[in-house]
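Bear in mind the structure is a predicted one, so any value in this text is a computation, not a measurement. So you know, we letter chains A, B, ... as the sequences are listed, proteins then strands, and number each from 1.
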Amino acid sequence: MLLRITLPDSSIKEYSAPVTPLKVAEDISPRLADAAIAAEVNGKLVDLNHEITEDSNLVLHTFTTETGKEIYWHSTSHLMAQAVKQLYPKVKVTIGPAIEQGFYYDFDRDEPFTEEELLKIEARMKELTAQNLPYTRKELSKQEAIDMFAAQNEDYKIELIQAIPDGDIISTYQQGDFIDLCRGPHLPHTGKIKAFKLLKTSGAYWRGDEKNKMLKRIYGISFPSNKELTAYLDMLEEAKKRDHRKLGKDLDLFSMDDEVGPGLVLWHPNGAMIRHLIEEYWKDMHLRHGYKFVYSPHVGRSNLWHTSGHLGFYNENMYAPMDIDGQEYYIKPMNCPFHIAIYKSAMHSYRELPMRLAELGTVYRYERSGVLHGLMRVRGFTQDDAHIICTAEQLPTEVENILTFSMDMLRHFGFENFQIYLSTKPEHPVGEDKDWEIATETLRKSLEKLGIDYAVDEGGGAFYGPKIDIKIKDALNRAWQCTTIQFDFNLPTRFNMEYIGADNQAHRPYMVHRAVLGSMERFFGTLLEYHAGNLPLWLCPVQVMVIPITDAQIEYAKELTTKLLAQGIRAESDMRSEKIGYKIREAELKKIPFMLIIGKNEVENDKVTLRRHTVGDLGSMELADAITKIKEEH
RNA sequence: GCCGAUGUAGCUCAAUGGUAGAGCAAUUGAUUUGUAAUCAAUAGGUUGGGGGUUCGACUCCCUUCAUCGGCUCCA
């Protein structure tokens with residue numbers, strides 16, 4: 001029987017049935033067959049030795065595709081589990097998926113895995129790859145699967161199998177003496193895994209639930225060549241250099257102090273200057289987009305938090321109350337109740353809506369000690385918060401405006417790659433289904449109208465409303481949520497918010513929480529990492545360092561500095577009696593964008609020599625030309 | 001909070017049970033320099049805190065705090 005197979009390049013070839021993707025790959029080229037990892041037949045992922053028995057579309061995956069990587073890493077995780085089982089037979093295996101970068105496997109074992117043990121496991125893995133053990137698939141019934149893993153005493157696997165709906169195909173993959181429950185597909189054999197490294201260990205709860213037992217997790221990464229592995233490890237090293245915590249120290253931007261307390265940020269003059277510039281831009285943009293600024297206190301009486309409901313659903317993130325004149329006050333974890341109180345201080349007509357109340361509001365939240373992370377997750381932080389109160393008709397325009405406004409602002413800071421999520425109704429929502437539908441559709445339509453790529457996080461919304469989040473990645477590719485646009489069906493009701501409509505009746509407004517940057521702290525952290533500390537000129541605390549070569553040019557340097565300052569350029573001069581090379585080195589290390597080098601020649605000819613950070617000497621020129629060049633970068 | 005690692009001078013790091021060191025930074029002096037580190041001197045420490053073992057602890061043990069990597073949650 002003849003089959004027609006459509007190949008990735010859309011050409012069609014005929015084969016006699018059955019044929020495997022591997023044979024097709026070999027037919028195309030030996031190199032492709034060597035690189036191939038798995039195949040997609042009519043849209044379904046299969047092993048390379050899967051038998052094709054009907055006319056099919058075939059896509060071959062190599063390590064270069066996302067799917068290829070996932071399969072490669074997943075096979076490596078099975079390999080690691082095999083090595084662990086051989087070395088430590090009493091350890092129970094649980095789950096071991098591929099993740100965004102690499103893979104992990106969780107084991108039930110009391111002792112932690114030490115670094116020496118990781119090396120031992122790696123060595124065993126190496127031996128197993130040399131044996132070219134094929135990964136073989138076997139399908140079996142639920143009971144057969146349970147019996148098999150019961151015989152091996154792998155209770156976690158049994159728990160997993162029991163959760164699989166009856167009638168679903170249950171498959172296992174076996175390489176050598178190791179068998180694992182797995183949907184597949186997998187590499188043809190272990191010899192395909194050429195280069196790997198076990199990176200770190202950690203604890204992880206069974207099924208991510210802290211009520212469950214804590215397992216021991218091993219993370220690793222693998223590649224089809226040593227070259228790629230080395231490149232990856234180098235990349236990790238490189239990423240460390242742009243860690244915002246390191247940059248914060250090197251550039252003297254911020255610190256945290258044991259005595260002050262964990263998760264509480266001290267902004268040094270340089271960092272504070274950058275923050276000031278961010279805030280200045282932020283305020284300007286908000287005024288241009290019809291926001292009104294408000295200020296609110298840092299504490300509020302317990303009644304407020306009872307009304308808002310925070311004492312119920314947000315209690316574990318709030319700090320203990322303080323007693324003032326026999327009344328309980330709480331430090332604020334959110335700004336919303338205050339903004340609502342401002343709204344409620346008067347009656348409002350539909351003519352006043354939409355009302356956009358904005359504040360750089362500092363909040364304090366209890367975060368568990370283990371989760372604090374530099375500036376990215378702290379206990380005291382300033383949100384660039386705003387609440388938009390509007391009618392149903394105004395919703396689409398408001399949401400679109402927030403989206404374009406947010407992305408414009410993020411782009412102004414140099415960000416270009418965002419991950420955008422639409423999170424929909426969770427399991428126990430408050431509010432009317434109708435409102436959820438309107439709000440979710442509004443969000444979805446806005447995204448689509450603006451042609452924004454997004455992913456849907458089904459059921460990932462807050463209990464009080466659906467939301468859109470924009471995440472930005474840090475140096476290590478970890479995504480951090482910055483922008484968030486959240487509907488709220490809870491607080492307007494709890495606070496009984498109203499406006500008087502054209503019909504002279506009271507109506508409940510819609511309320512949207514939104515933060516563009518998220519928090520000053522987190523945004524600052526991602527900004528630093530994104531630019532590796534080389535901030536855009538408009539954000540640099542010192543834009544120009546004037547460097548006299550000898551003491552003889554000090555007067556001229558002072559003059560130049562004054563002239564630059566008068567032009568609105570942030571300039572300083574380095575008048576220490578150090579050699580020019582030293583002063584340049586220091587300015588370069590501080591990542592100051594421009595240097596004006598002043599020597600005897602410059603003074604005599606009334607010129608300056610300009611140097612650009614990371615670029616080098618730009619030559620001698622009139623001060624006016626230098627200023628033009630500097631301003632061009634703005 | 002849980003699992004693990006780490007904590008020595010302002011910073012980066014030495015010192016594996018026997019007198020806590022180096023480089024940079026700081027201070028003082030000399031030097032007046034042409035595009036990424038001039039030289040010298042001085043000062044700087046309850047080795048995160050507390051407790052224990054020991055003749056003797058940075059080193060070993062307990063405890064506590066903090067940081068780092070994860071788990072969970074979120075700006």
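Using a 30° and 60° split on the angle between ring planes, Tyr364(A) and His298(A) fall in the tilted class, from 30° to 60°. The aromatic rings of Tyr464(A) and Phe313(A) are tilted relative to each other, their planes meeting at an angle between 30° and 60°. Aromatic ring pairs are classed by plane angle as parallel below 30°, tilted from 30° to 60° and perpendicular above 60°; the pair Trp267(A) and Phe524(A) is tilted. Under the 30°/60° scheme for interplanar angles, the aromatic rings of Tyr319(A) and Tyr366(A) are found to stand perpendicular. Taking the six-membered ring for Trp and thresholds of 30 and 60 degrees, His339(A) and His387(A) have ring planes more than 60 degrees apart, a perpendicular arrangement.
Across all strands shown, nothing is found opposite A9(B) as a Watson-Crick or G-U wobble partner with both distances under 3.5 Å. Summarising the base pairing, U38(B) is matched to A30(B) through a Watson-Crick or G-U wobble pair whose two defining distances lie under 3.5 Å. Within the shown strands, nothing qualifies as a pairing partner of A20(B) under the Watson-Crick or G-U definition with both distances less than 3.5 Å. With both pairing distances under 3.5 Å, U46(B) is matched to nothing as a Watson-Crick or G-U wobble pair. Using the Watson-Crick or G-U wobble rule with both distances under 3.5 Å, A15(B) pairs with nothing in any strand shown. Judged by Watson-Crick or G-U wobble contacts below 3.5 Å, the nucleotide U53(B) has no partner. If you check C71(B) for Watson-Crick or wobble pairing at under 3.5 angstrom, you find it paired to G1(B).
Annotation: A37(B) and A25(B) have their C1' atoms spaced 12 Å apart (nearest Å). Here, U16(B) and C58(B) have their P atoms 13 Å apart, quoted to the whole Å. When the P atom is compared between G52(B) and U8(B), the two are found 24 Å apart, to the nearest whole Å. A distance of about 35 Å separates the C1' atoms of G21(B) and C3(B), rounded to the whole Å. Spacing between U46(B) and A5(B) at atom C1', rounded to whole Å, works out to 26 Å. Rounded to whole Å, the separation between the P atoms of G17(B) and C24(B) comes to 30 Å. Across the C1' atoms, G50(B) and A66(B) are found 15 Å apart, a figure rounded to whole Å. G7(B) and U59(B) have their P atoms separated by 11 Å, with the value rounded to a whole Å.
For the 3.5 Å distance criterion, the side chains of Thr382(A) and Arg275(A) qualify, holding a donor opposite an acceptor. For the residue pair Glu529(A)/His244(A), the side-chain donor-acceptor check at 3.5 Å is satisfied. Using modelled atom types and a 3.5 Å distance limit, the side chains of Thr424(A) and Glu458(A) yield a donor-acceptor pair. Between the side chains of Asn534(A) and His613(A), at least one donor-acceptor pair of N or O atoms lies under 3.5 Å. In this model, no donor atom of one side chain and acceptor atom of the other lie less than 3.5 Å apart for Thr561(A) and Glu572(A). Gln101(A) and Tyr232(A) share a donor-acceptor pair across their side chains, judged by distance under 3.5 Å alone. A donor-acceptor contact under 3.5 angstrom links the side chains of Lys332(A) and Ser296(A), judged on distance only.
Of the residues in residues 602-609 of chain A, those lying under 4.0 Å from RNA chain B by heavy-atom distance are Glu602(A), Thr609(A). Within a heavy-atom distance below 4.0 Å of RNA chain B, no residue of residues 402-430 of chain A is found. Scanning residues 93-106 of chain A for heavy-atom distances under 4.0 Å to RNA chain B yields an empty list.
Test Glu398(A), His289(A), Arg514(A) against Arg356(A) for side-chain contact (heavy atoms from CB on, under 4.5 Å) and you get one pass: Glu398(A).
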List every contact pair, protein side and nucleotides 9-11 of chain B side both N or O, where the distance is under 3.5 Å.
none

Write out a two-atom table: protein N or O, nucleotide N or O from nucleotides 29-31 of chain B, distance below 3.5 Å.
{"from": "U31(B)", "atom 1": "O4", "to": "Ser577(A)", "atom 2": "OG", "distance (Å)": "2.6"}

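Residue Leu198(A) contributes atom CG, which lies 19 Å from atom P of G4(B) at whole-angstrom precision. Whole-Å rounding puts the Arg576(A) CZ to A36(B) C1' distance at 13 Å. Atom CG of Leu610(A) is separated from atom P of U35(B) by 16 Å (rounded to the nearest Å). One atom, NZ of Lys583(A), and another, P of A36(B), lie 15 Å apart when rounded to the nearest Å. The distance from atom CZ of Arg585(A) to atom P of G34(B) is 18 Å, rounded to the nearest whole Å. Atom CG in Asp574(A) sits about 13 Å away from atom C1' in U35(B), given to the nearest Å. Tyr582(A) places its OH atom 13 Å from the C1' atom of C39(B), with the value rounded to the nearest Å. Atom CD1 in Ile584(A) sits roughly 9 Å away from atom P in A37(B) (whole-Å rounding).
Of the charged side-chain nitrogens involved, at least one lies within less than 4.0 Å of a carboxylate oxygen, so that Glu238(A) and Lys241(A) count as a salt-bridged pair. Salt bridge annotation for Asp106(A)-Lys216(A): absent, with no cationic side-chain nitrogen under 4.0 angstrom from a carboxylate oxygen. A salt bridge between Arg368(A) and Glu316(A) is absent, with no side-chain N of the basic residue lying under 4.0 Å from a carboxylate O of the acidic one. Asp209(A) has no carboxylate O lying under 4.0 Å from a charged side-chain N of Arg207(A), or vice versa, which leaves the two without a salt bridge.
A distance below 6.0 Å separates the ring centres of Tyr281(A) and Phe413(A).
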With the sugar-phosphate defined as primed atoms, P, OP1 and OP2, and the base as all remaining atoms, what B/S/- string results for nucleotides 67-75 of chain B, 5' to 3', for protein heavy atoms under 4.0 Å?
-> SSBBBBBBB
Please lay out, stage by stage, how Phe113(A) and Phe107(A) fare under the test ring pair (Phe, Tyr, Trp, His ring centres under 6.0 Å).
-> CA-CA 10 Å; Phe113(A) 288 100; Phe107(A) 301 98; 5.7 Å; yes
Go through the steps for Trp480(A) and Phe523(A) under the test ring pair (Phe, Tyr, Trp, His ring centres under 6.0 Å), then give the verdict.
-> CA-CA 9 Å; Trp480(A) 296 94; Phe523(A) 185 72; over 10 Å; no
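Residue Tyr366(A) is in sugar-phosphate contact alone, with no base atom involved, counting any heavy-atom pair closer than 4.0 Å across all strands shown. Among the protein residues, Ile580(A) comes within range of the sugar-phosphate backbone only, with heavy atoms under 4.0 Å from sugar or phosphate atoms but none that close to a base.
For Pro112(A) and Gly581(A), each mapped to the nucleotide of RNA chain B holding its nearest heavy atom, the one lying further toward the 5' end belongs to Pro112(A).
Geometric assessment of Lys471(A) against the ring of Tyr421(A) yields a positive cation-pi assignment under the 6.0 Å and 45° thresholds.
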